[in-house]
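Worksheet: the structure to be examined is printed underneath.
Sequential numbering from 1 along the given sequence is applied to the chain's residues. Read the numbers this way: they start at 1 and go in the same order the structure lists the ligands and their atoms. These values consider heavy atoms only, across backbone and side chains, with no hydrogens, waters or symmetry-generated copies.
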Amino acid sequence: MLTADQRYLRTELEQRRERLHTALHSPDADASLSQLLTDVDAALTRMEKGTFGICEECHDAIEPERLLADPLMQFCLDHLSRDEQRALESDLSLAARIQRRLLPKPGFTAAGWDVQFHYQPAGMVSGDYCDLLETDHGLLFLLGDVSGKGVAASMLMSHLHATFRSLAEAGLPLDRMVEHGNRIFCESTLAGQFATLVVGRAARDGLVEFVSAGHLPVLHIYSGGATPQGATGVPLGMFCNTRFPVHRLSLGRGDTLFLYTDGLTEARNHTGEEYGIHRVRTLAARHAEAEPAGLISACLNELQGFGKGVKQTDDLTLLAVRRSA
Ligand SMILES: [Zn+2]
């Protein structure tokens, strides 16, 4: 019995065979075409024998999405040839370069606010999202975390990036912007995929409003300490029609907002203990007077000391937004 995918692939292979036959009969046919025809015939034979989609090395199933992309595949991901491995690595490094270019410029300033961020994928690409924009109403800052890691999460990250870049231009109130973004995200993700996100707008007079879609608390850092701000709503992508309350606060000159992903709070030390939000607060309060870059490097230093000898397993992003003194 063939599966629906296999029926589709058989039709696909039969069509390719037809085309190859036609191409081979043209006067200047390339010799490589007859090799392809042999490969297509072999795939069709495997289908008849029931060995199609089985790795020739380990006899496990080949990943279905790879077969759909190329029905001639004969090996699973674990048993790629050297050339295939190199091609995959170069695809991934290109994806990483593209993702880097989606990030804002370091040392961004707008409307009397200085910003610094640190973006550190656990692998080649990250599911974390960070963006900064200057709008008519001040600085727009966004920080998010797509569920999962790796390539799939990074694709959703770039989707979020594009969605909010275009929504930002519409000049909507924050809650409406996030509601729209949520609906677009809902329609384009699979069940079980979601993203936590903070979208904030900081005006020249120190007034900040922000929406949190299930993200970790934003820290307001001032000379007397650091306070977590704003109850969080539900993440993006969970419910198509949800409202997102807007939080408002006023920052004095020299105050900072500190945002981070769970790569910070859930980092573990060698005994398995989590870094935790309490440590973030204590550190933030200790560096209340620091510039954004200073705060971030203090945080990274402490995190490095804490997690000494333990491999970073989650994407990490830090963002500090400070009202110029
Ligand atoms: Zn295999």
Side-chain angles (χ1 to χ4, degrees), residues 1-21 23-24 30-100 120-128 145-159 188-195 237 262-263 266 268 272 309-316:
M1 240 321 248
L2 293 182
T3 65
D5 276 357
Q6 289 193 354
R7 273 197 297 278
Y8 163 78
L9 286 175
R10 187 170 63 188
T11 317
E12 191 67 16
L13 284 168
E14 282 164 354
Q15 278 169 1
R16 285 182 202 192
R17 186 164 58 180
E18 287 295 303
R19 282 181 186 264
L20 282 169
H21 269 298
L24 275 166
D30 191 275
S32 66
L33 291 182
S34 54
Q35 180 57 48
L36 273 177
L37 185 62
T38 312
D39 294 345
V40 169
D41 281 336
L44 284 163
T45 309
R46 287 198 296 278
M47 239 171 219
E48 271 159 40
K49 288 187 8 206
T51 58
F52 180 82
I54 303 209
C55 172
E56 301 203 346
E57 184 73 33
C58 67
H59 308 291
D60 276 348
I62 299 174
E63 299 74 14
E65 58 286 350
R66 289 179 60 236
L67 268 182
L68 277 172
D70 180 3
L72 300 181
M73 294 230 169
Q74 289 167 259
F75 296 95
C76 75
L77 268 181
D78 289 337
H79 298 105
L80 294 181
S81 72
R82 283 225 148 164
D83 283 350
E84 288 170 323
Q85 248 168 34
R86 262 197 292 273
L88 206 61
E89 277 158 18
S90 110
D91 283 352
L92 204 54
S93 96
L94 180 61
R97 284 216 300 279
I98 292 172
Q99 187 168 47
R100 283 259 151 212
Q120 188 180 334
M124 293 277 275
V125 288
S126 170
D128 282 0
D145 182 356
V146 173
S147 57
K149 290 193 278 270
V151 176
S154 79
M155 287 171 77
L156 283 177
M157 172 275 179
S158 63
H159 178 56
S188 44
T189 55
L190 304 169
Q193 287 180 309
F194 58 89
D262 57 10
E266 290 175 14
R268 288 178 187 275
V310 184
K311 193 181 176 299
Q312 177 197 352
T313 55
D314 206 353
D315 303 322
L316 169 71

Exercise for review: Under the side-chain contact (heavy atoms from CB on, under 4.5 Å) rule, what do S126 and M157 come out as? Steps first, then yes or no, please.
Suggested key: CA-CA 8 Å; S126 170; M157 172 275 179; over 6 Å; no
Revision key, fill the gap. What lies under 2.8 Å from the Zn ion (ligand 1), restricted to protein N/O/S atoms, is C55 SG, C58 SG, C76 SG, H79 ND1
**Study point:** Those residues that, when tested against R268, pass side-chain contact (heavy atoms from CB on, under 4.5 Å) (two or more places apart)
**Key:** E274
Review point. Is E63 reaching over with its side chain to a backbone N or O of L77, donor-acceptor style, under 3.5 angstrom?
Key: yes
Exercise for review: List in chain and number order the residues that pass side-chain contact (heavy atoms from CB on, under 4.5 Å) with Q193, two or more places apart in sequence or in another chain; answer none if no residue qualifies.
Suggested key: S147, L156, T189, L190
Point to revise | Donor + acceptor pair across side chains of D30, S32 (<3.5 Å) | key: yes
Practice item. Go through the structure and list residues passing side-chain contact (heavy atoms from CB on, under 4.5 Å) with Q85, not counting sequence neighbours. Key: L80
